[in-house]
Amino acid sequence: MPDLSRIGEREKLKPKAGDEPHWQRLRQGVYLGYRPSKKKAGGTWFARFYDSEANRNSRKRLGDYCTLTGHDVFKQAKADAESWAETVESGGERARNMVTVRDACEAYLEQKPGSIAEGVFRRHVYSDPLAKVKLDKLRRHHLKTWRKRLEEAPALLTRSKKCEKRWKERAKSTVNRDMVPLRAALGMVLKPVAPNTDAAWQEALRPFKGADKRRELYLDRDERRKLIDATGEEARAFVKALCLLPLRPGALAGLTVRDFDKRTRSLTIGKDKNGNPRQISLPPVIADFFAAQVKSKLPAAPIFARSCGEAWHKDAWKYPIKEAVKGAGLPAAASAYTLRHSVITDLIRSRLPILTVAQLSGTSVAMIEKHYGHLVRDDAEEALASLAL
């Protein structure tokens, strides 16, 4: 465990997969955690208490202590962690009463920290009138009006090279995704109420049906080779990796050198949409490609880095891919996610079991069947047709 009291040692810490803090044991069952910021100096402090009788952990977000400096930061965080742990250990009241919708959201982040939920709360809840509504007064009409404001809020489409923001109408699928964290946060503290009543808060957050459309654009192997050849040198390895594995672009960009074990040809994907790390075995040809990418790099370095040394992210990879798509003469709608869709399609077409495809791609069997089940049905028809006498 790191010594969080040492400022120099703390500053060297890197963000961990799944936004998990670095923990230091204060005493039996009591831990102080620190999660370094990805965008600026400093980070966020947490406290954790393990209840041996209940065999469960309780966790609290303490804050960033930005008003303190030097060793005072650790001293205050340590004192707050120990005080909170004593309160929990003695069976007393919570260190912070949960009163409002904002309290529920912050409590949710304490239990399940994640950048996606944190971003949704910051953009659509904390600055909204809903944040101040008391939980015991929350009614369906509060959430219906919040949902209407969410649906009417324009979605950021892209930022041009001239730093001009472009907006589009928020899609139903986007609304569905943005409602998930709030529904989960309220679900942790509120029980579903009888349907068709104003107290039935859960009804206002039901997702639109059929909003997630199946991806139709597919690039075959020759088209993907053309795309790789047309990609600039900086992004070529990243794009090639997207064509080799059915990973989400964000998960691929988050891989570090320590995630690849050359000896066992295994790759650990620790940062993904579902937040659960998984390990996949690579065939020799793909393992050799990854071995070339990690050569002479430090364990914490990104496997696929930009020329500045930083990892790729959505606003960085979309322009090189867009230019490569144009240069290769491919459909303009092709994107990083088109490559993932194409790879998954090929795996299904090669009759790899759906469960295996789901495990490789980091999604559920239900989602694979929903979006690619038609391919399995088509292959089944062809197999049955071959039996005709």
Side-chain angles (χ1 to χ4, degrees), residues 18-21 33 35 37 43-49 56-66 80-81 84 87-88 92-156 169-209 211 273-275:
D19 290 329
E20 181 68 14
R35 187 175 70 198
S37 174
T44 305
W45 294 84
F46 295 84
R48 191 180 78 193
F49 173 74
R56 66 183 295 272
N57 282 302
S58 297
R59 183 155 74 174
K60 175 178 173 59
R61 182 180 185 275
L62 301 176
D64 57 15
Y65 298 100
C66 58
D80 290 346
W84 173 80
T87 302
V88 177
E93 296 182 357
R94 295 181 182 181
R96 174 180 53 78
N97 292 326
M98 196 180 303
V99 177
T100 66
V101 171
R102 177 170 185 144
D103 292 335
C105 293
E106 292 178 343
Y108 177 79
L109 290 176
E110 292 173 9
Q111 296 296 321
K112 296 184 178 181
S115 57
I116 295 178
E118 188 175 7
V120 170
F121 293 153
R122 184 180 66 253
R123 293 189 299 270
H124 303 299
V125 178
Y126 293 160
S127 60
D128 189 272
L130 179 69
K132 298 180 181 179
V133 177
K134 294 185 178 180
L135 291 169
D136 58 357
K137 301 291 185 181
L138 184 66
R139 296 294 182 266
R140 182 173 59 179
H141 71 269
H142 291 120
L143 292 167
K144 286 181 67 175
T145 55
W146 172 82
R147 177 172 178 160
K148 183 178 180 181
R149 289 192 291 271
L150 177 66
E151 293 174 6
E152 294 175 349
L156 182 62
E169 183 179 351
R170 189 171 296 272
K172 290 182 178 180
S173 58
T174 305
V175 174
N176 284 351
R177 287 193 294 270
D178 287 343
M179 289 193 298
V180 168
L182 180 59
R183 187 165 60 241
L186 295 178
M188 289 183 64
V189 296
L190 298 177
K191 294 182 179 180
V193 185
N196 302 318
T197 64
D198 192 44
W201 61 270
Q202 70 277 6
E203 292 184 346
L205 298 179
R206 286 178 178 172
F208 288 111
K209 292 184 178 180
K273 189 175 182 180
N274 59 16

Kindly compute the distance separating [atom1] ([X]) from [atom2] ([Y]), expressed to the nearest 0.5 Å.
{"X": "Arg123", "Y": "Glu118", "atom1": "CZ", "atom2": "CD", "value": "10.5 Å"}
{"X": "Trp146", "Y": "Leu182", "atom1": "CH2", "atom2": "CG", "value": "4.5 Å"}
{"X": "Thr100", "Y": "Leu138", "atom1": "OG1", "atom2": "CG", "value": "10.5 Å"}
{"X": "Leu143", "Y": "Gln202", "atom1": "CG", "atom2": "CD", "value": "9.5 Å"}
{"X": "Ile116", "Y": "Phe121", "atom1": "CD1", "atom2": "CZ", "value": "11.5 Å"}
{"X": "Arg170", "Y": "Arg177", "atom1": "CZ", "atom2": "CZ", "value": "9.5 Å"}

- prompt: Do Leu130 and Thr145 touch side chain to side chain, with heavy atoms closer than 4.5 Å?
  reply: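 They are not in contact (no side-chain heavy atoms under 4.5 Å apart), so the answer is no.
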
field: Heavy-atom side-chain contact between Pro21 and Arg59 under 4.5 Å
entry: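 Yes, close enough: below the 4.5 Å cut-off.
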
message: So, using side chain to side chain contact (heavy atoms under 4.5 Å, CB included) as the criterion, who are the partners of Asp64 when residues are at least two apart?
response: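 Partners of Asp64 by the side chain to side chain contact (heavy atoms under 4.5 Å, CB included) criterion, ordered by chain and then number, come out as Cys66.
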
What are the two closest non-hydrogen atoms of [X] and [Y], and how far apart are they?
{"X": "Arg102", "Y": "Tyr126", "result": "NH1-CB, 3.5 Å"}
{"X": "Leu205", "Y": "Arg183", "result": "O-NH1, 2.6 Å"}
{"X": "Arg147", "Y": "Arg206", "result": "NH1-O, 2.5 Å"}

- request: Start with the C-alpha gap between Arg61 and Phe46, add the side-chain angles, then the distance that decides, and say whether side-chain contact (heavy atoms from CB on, under 4.5 Å) holds.
  value: CA-CA 5 Å; Arg61 182 180 185 275; Phe46 295 84; 3.7 Å; yes

field: By side chain to side chain donor-acceptor pair (under 3.5 Å) - contacts of Arg149 (at least two apart)
entry: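 Result, side chain to side chain donor-acceptor pair (under 3.5 Å) vs Arg149: Asp128.
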
